[in-house]
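Below, chains carry the letters A, B, ... as their sequence lines are ordered, and counting in each starts from 1. The figures that follow rest on heavy atoms only: side chains count, while hydrogens, waters and symmetry mates do not.
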Amino acid sequence: MKLDYDFNSLEKKWQKKWKEREVFLTPSHPKNKYYCLVMYAYPSGDLHMGHIKNYVIGDVVARTKRQEGKDVLHPFGWDAFGLPAENAAIIHKVHPEAWTKENIRISKEHLIRLGISYDWEKEIWSFDPNYYKWNQYFFLKFYERGLAYRKGGWVNWCPGCQTVLANEQVVDGRCYRGTCNAIVEKRKLEQWFFKITAYAERLWEGIDRLEGWPENVKIMQRNWIGRSEGIEVSFPVLGTNYSLNIFTTRPDTLYGVTFMAIAPDVEITEELIRGTEEEEKIRKFIDRILKKSEIERQAIGQEKEGIFIGRYCKNPLNGEKVPIFIADYVLGSYGTGCIMAVPAHDQRDFEFAKKYNLPIRVVIRPPGCDLKEKEMAEAYTEEGIMINSGPFSNKPSPEGIKLITDYLVEKGLARRKVNYRLRDWLISRQRYWGTPIPMIHCERCGIVPVPEVDLPVRLPEDVQDYLPKGKSVLAGVEEFINTTCPKCRGKAKRDPDTMDTFVDSSWYFLRYLDPRNEKLPFTYEATKEWLPIDKYIGGIEHACGHLIFFRFFTKFLYDLGLCAYDEPCLSLFTQGMVMLNGKVMSSSRRHGVWVGPFLEEHGADVARLAILFAAPPEKDLDWKDELITGAKRFLNRIYRLFEENNYQIKSSIKKERLSPQGKELYIRLNQTIKKVREDNERFQFNTAIAALMEFLNDLYAFSEKESEIFQFSLYNFLILLSPFAPHLAEELWERAKGEEFISSVSFPSYDPSATKFPEIEIPIQINGKLRSKIMVPLGTAEEEIKKLALEDSKVKNYTAGKEIRRIIYIKDKLLNIVIK
RNA sequence: GCGAGGAUGGCGGAAUUGGCAGACGCACUGGAUUUAGGAUCCAGUGAGGCAACUCGUGGGGGUUCAAGUCCCCCUCCUCGCACCA
């Protein structure tokens, strides 16, 4: 299967013209802006069909909006820092920068060859010191406000990448990088964090405003942030000055507490076990638990483990003495790291109590029946009626929550608290290819920020050894690491870590607004002009990472007064993945259909159509070479039609002069324009293309090929086609002597008076089954249609001798005769 | 376990509001043209049946004049979360 025309030179010709004539440059002061953003790319070299699906979708949107008269910003850039570059450097013995630049060169060439209408003057590269300088600038701003801090503690360590990872980068206990996939360990290290938890509430409530976001992404973010309301209660530890603070959402079960449990990795543990008889034994237990990976700790069917520490708490509500355990199922990183355990009404506590023979006390019974401790097979976690709860007995448990909360708060024994599952964002990495953290460690002055005027702190280029050693690569680069303290001028060392690449991507969409500005990261005025992003297109895998981080950054920048909006994007589209033989295409696994060779063999318009026509864009699609055939046939038929008709097009018609056949075509044209516009609007590009295919069939079938209406139809058809197959559209447009570029021509609107045929077909059902069809003029009265239907010979066969009970007519749609 | 989405011909998919199920495309079958076809054009293509007709959107029930679409129950698939107190 071949294209009838020399697609290669044709496509290159138009790509060159678009560039020379600056067709896709961004208007500088938009009157009706449209910010169309696709997630910028990790430069992996050869692109595959999965990558370009994202870009093709974005391009159809950008091109359509431009033709609809919007001032479109459609930029692209490179997420150029990150581990794979370094790993490639180690394997191929090239500098990460050289490797990255070469990949960018290749990928960019592909994107241009695909005819994606980016404004390349806006291109950005995150490894550019003029870019990462601002990462450092924002870091300092975070630091000034106490939102960047250094903290020691148990963190995720990827033994494959030899660096720490953020929680968002640990997927099912493994490294998020597909090629690595190593089981993540816990290490006790001091690291840099961004205090995203300070924004937890705003990130949570902001989700409600994200009207154009897919529901599932919003749910994922809500899960990730994990807001829950409850109280923090203090349980005094008997015989000490310590108290265990616990968080609970179920104060109604406070009378059912039979033990306390603390996480092995919280500080209070240390205080409570010091000097106790069993100290040695307990320490061994803690060590053993902490050595387990997340995967081991969370394995299904994993038995809970714990150890009694020999101390007791006093229940502040009923004064009872309850034993304290260290338990592996309690998370040190959530709430206070301590819990009150209510085995009767919490499944985890129940299992633990069963294992260690601890008492189970029912304090909530199901409405209308009893609950016996000895007969319980699992905890009763529903609402119910409170029992064994002193003065609160016999109250419904939801009411009990309120009453006990009020009581404890009033007595000063508890306080209301909202807890979040979200943890602070660990942003330091022990790798080379990233933004240096602009901090200096001085023996005398402690941690000192690099003064703003000294930014950027440049990443040293002449590094010979990128090999990860389990500690920061930059620590071994003498010229870099040794510096002077900005405060005391004494000898000091730079922070040896680099930033998580997700810092780069948290604000890149703002840099596009003013990418060459050396004085500012972007201007407030530009954010006012261009934000929020009108459509953000990317993969759903970023739902709980990047898509939370960029909201967080935007809120922070808003608070700084740098950005005019506090939500970056109100409309998000997540496209489905492209699979090959049932497996996701992947550069790192060298599994995919590669764009370079594909463009050589089939061309850009074929690639674009094949991807868009295969399935609705939000769905995963399994790549099949058969897709190419359909796309090529379609393009060939278009090409031939225009050739056969000597490229005659016409931009207007006189409606009054239409022949009967011409009228029909005119209606079909308007139906098609309407359909394509509506489908484009709701991202149904597959059916929009199907509508164009149908209309093409009509054009072939139309006999009056010299007529005005035929040429007018060709004119409109080309514009409708142009966002999908812009190269062929431009070429035919030029041959037909259309003015300027089709890419800049107004998208057609339809004539609302001409979307229905004057004669319509009404299906006739009898008892809901299709029995006949009649043709009637549009707008025929109901009575007339009923009469015609009953006279219809096929209908008569069924109605003869039967009682007609009802006739239901749905205007212009259908008639149903109910007989007995 | 919880949450979300889904199941439609041989395949990808269409049916926007309960109203002709299978648009459009691929594959396939027959024919035309051609030295030839992995080109093009025409016709056909859910299943059964000579036909009239019957059956048909994962399975079972229901509501309705009318159900792929709404309600109840079930099966399977995909994704997300999962000791979050």
Side-chain angles (χ1 to χ4, degrees), chain A residues 1-2 4 171-172 214-224 226-228 230 246-250 253 261 263 297-300 302 304 327-331 333-342 345-349 351-352 419-423 540-541 543-544 576-577 609-610 613-616 618-631 633-634 636-637 640 675 678-679 681-682 684 686-697 700 761-773 797 805-819:
Chain A
M1 182 81 212
K2 270 187 171 170
D4 288 355
V171 179
D172 294 332
E215 210 49 46
N216 59 337
V217 175
K218 292 200 268 186
I219 290 167
M220 284 161 80
Q221 291 211 351
R222 284 200 190 96
N223 285 342
W224 190 262
R227 184 183 193 275
S228 64
I246 62 95
F247 173 75
T248 180
T249 55
R250 293 292 305 272
T253 62
R297 278 180 74 171
Q298 296 184 6
I300 303 160
Q302 179 73 19
K304 296 175 180 19
D328 65 346
Y329 72 97
V330 180
L331 303 173
S333 51
Y334 182 77
T336 59
C338 313
I339 61 156
M340 64 177 210
V342 186
H345 305 293
D346 182 288
Q347 186 57 26
R348 299 152 297 182
D349 300 343
E351 286 165 25
F352 192 87
N419 254 330
Y420 302 91
R421 210 195 73 120
L422 185 72
R423 310 287 151 75
I540 194 156
E541 67 275 16
C544 295
M577 289 178 296
L609 283 170
F613 185 64
E618 71 279 6
K619 265 198 77 168
D620 289 350
L621 83 88
D622 205 358
W623 179 266
K624 292 274 181 323
D625 282 345
E626 286 81 63
L627 289 167
I628 301 166
T629 314
R633 242 174 234 161
F634 180 49
N636 277 342
R637 277 165 60 79
R640 255 181 270 135
K675 172 87 176 145
E678 287 171 359
D679 284 355
E681 201 53 49
R682 56 191 187 113
Q684 292 275 329
N686 55 330
T687 50
I689 293 168
L692 289 175
M693 288 172 167
E694 281 182 79
F695 191 55
L696 184 65
N697 287 337
Y700 264 100
E761 190 185 59
I762 302 287
I764 312 295
Q765 295 183 337
I766 290 168
N767 290 345
K769 293 195 174 175
L770 181 69
R771 296 304 181 191
S772 185
K773 289 179 179 184
N797 284 340
R805 308 187 61 172
R806 263 173 95 180
I807 302 179
I808 293 141
Y809 175 60
I810 309 297
K811 193 169 182 302
D812 302 338
K813 280 253 170 75
L814 144 159
L815 187 95
N816 189 13
I817 301 168
V818 187
I819 60 169

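Distance A/R222 CZ to B/A82 P: 17 Å, rounded to the nearest Å. A straight line from CG of A/D679 to C1' of B/A15 spans 12 Å, rounded to a whole angstrom. Rounded to whole Å, the distance from CG on A/N767 to P on B/U54 is 11 Å. Taking atom CG of residue A/L770 and atom P of nucleotide B/C65, one finds them 20 Å apart after rounding to whole Å. Remark: C1' of B/U64 and NZ of A/K769 are 15 Å apart, rounded to the nearest angstrom. Regarding A/D625, its CG atom lies at a distance of 16 Å from the P atom of B/G12, rounded to whole Å. Taking atom CG on A/D346 and atom C1' on B/A82, their separation rounds to 14 Å, with Å as the unit. Look at OH on A/Y809: it is 16 Å from P on B/G19, rounded to the nearest Å.
Counting atom types as modelled, A/N223 pairs no side-chain N or O with a base atom of B/C81 as donor and acceptor under 3.5 Å. The base of B/C20 sits with one of its N or O atoms less than 3.5 Å from a complementary donor or acceptor on the side chain of A/K773. Side-chain atoms of A/K304 and base atoms of B/C83 include a donor and an acceptor less than 3.5 Å apart.
Of all non-hydrogen atoms in A/A263 and A/V330, the two that sit nearest each other are CB-O, 3.2 Å. Listed here is the closest heavy atom pair of A/F247 and A/S228: CZ-O, 3.6 Å.
Within the 4.0 angstrom heavy-atom criterion, no nucleotide atom of any strand lies near A/E351. Across all strands shown, A/E215 has no heavy atoms under 4.0 Å from either base or sugar-phosphate atoms. Using a 4.0 Å heavy-atom distance criterion, A/K218 is classed as making no nucleic acid contact. A/S228 comes within 4.0 angstrom of sugar-phosphate atoms only, judged by non-hydrogen atoms across all strands, and of no base. Here A/E678 lies in heavy-atom contact (under 4.0 Å) with a base.
Between the CE atom in A/M693 and the CZ atom in A/F613 there is a gap of 4.0 Å [rounded to 0.5 Å]. Expressed to the nearest 0.5 Å, how far CE of A/M577 lies from CG of A/L621 amounts to 10.5 Å. Here the CD1 atom belonging to A/I807 is positioned 11.0 Å from the CD1 atom belonging to A/I819, to the nearest 0.5 angstrom. Residue A/N816 holds its CG atom at 10.5 Å from CG of A/L770, rounded to the nearest 0.5 Å. Put simply, OG1 on A/T336 and CG on A/N419 are 8.0 Å apart, with the number rounded to the nearest 0.5 Å. Atom CG of residue A/D346 and atom CE of residue A/M340 lie 9.0 Å apart, to the nearest 0.5 angstrom.
Comparing B/U75 with B/C24, their C1' atoms sit 32 Å apart, to the nearest whole Å. For the P atoms, the distance linking B/G19 with B/C71 amounts to 15 Å, nearest Å. A distance of about 14 Å separates the C1' atoms of B/C74 and B/A7, rounded to the whole Å. When the C1' atom is compared between B/G37 and B/G48, the two are found 37 Å apart, to the nearest whole Å. Taking the C1' atoms as reference points, B/A32 lies 14 Å from B/A39, given to the whole Å. Of the P atoms belonging to B/G59 and B/G68, the separation is 12 Å, rounded to the nearest Å. Only the C1' atoms considered, B/G25 is 25 Å distant from B/C77, to the nearest whole Å. Comparing B/G38 with B/G49, their C1' atoms sit 37 Å apart, to the nearest whole Å.
In the set B/A14, B/C83, B/G25, the nucleotide with an atom closest to the side chain of A/Y329 is B/C83. Listed nucleotides B/A23, B/G12, B/A4 differ in distance to A/T687; the shortest reach to its side chain belongs to B/A23. The side chain of A/F613 has B/C24 as its nearest neighbour among B/C24, B/C65, B/G19. The side chain of A/L814 lies closest to B/C20 when the candidates are B/C20, B/U16, B/A23.
At least one side-chain heavy atom of A/I762 sits less than 4.5 Å from a side-chain heavy atom of A/I764. Using a 4.5 Å heavy-atom cutoff, the side chains of A/M1 and A/N636 are in contact. You'll find the side chain of A/N697 reaches within 4.5 Å of the side chain of A/R637, heavy atoms only. You'll find the side chain of A/V818 reaches within 4.5 Å of the side chain of A/N767, heavy atoms only.
Residue order along RNA chain B, read from the 5' end via each residue's closest nucleotide, puts A/P616 first among A/N419 and A/P616. For A/C544 and A/I339, each mapped to the nucleotide of RNA chain B holding its nearest heavy atom, the one lying further toward the 5' end belongs to A/C544.
Residue A/K624 places no side-chain N or O under 4.0 Å from the OP1 or OP2 atom of B/C26. The phosphate of B/A66 (OP1 or OP2) has no side-chain N or O of A/R806 nearer than 4.0 angstrom. Of the side-chain N and O atoms in A/N686, one or more sit less than 4.0 angstrom from OP1 or OP2 of B/A14.
Side-chain contact check for A/R421 and A/N223: no donor-acceptor pair (N or O, by modelled atom type) lies under 3.5 Å.
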Show the distances under 3.5 angstrom between N or O atoms of the protein and N or O atoms of nucleotides 49-53 of chain B.
{"from": "B/C53", "atom 1": "OP1", "to": "A/Y798", "atom 2": "OH", "distance (Å)": "3.0"}

Provide a list of protein-nucleic acid N or O atom pairs under 3.5 angstrom, restricted to nucleotides 37-41 of chain B.
{"from": "B/U40", "atom 1": "O3'", "to": "A/R640", "atom 2": "NH1", "distance (Å)": "3.4"}
{"from": "B/C41", "atom 1": "OP1", "to": "A/R637", "atom 2": "NH1", "distance (Å)": "2.9"}

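The environment of CZ in A/R805 is sparse: at most 12 heavy-atom neighbours from other residues, nucleotides or ligands sit within 6.0 Å.
Helical stems in RNA chain B, defined as runs of 3 or more consecutive Watson-Crick or G-U wobble pairs with both donor-acceptor distances under 3.5 Å, are listed by first residue as B:1-7 with B:75-81, B:10-12 with B:24-26, B:28-32 with B:40-44, B:46-48 with B:53-55, B:58-62 with B:70-74.
Looking at A/Q221, its side chain does come within 3.5 Å of a backbone N or O of A/A543 through a donor-acceptor pair.
Glycosidic torsion of B/G62 falls outside 90° of 0, placing the base in anti.
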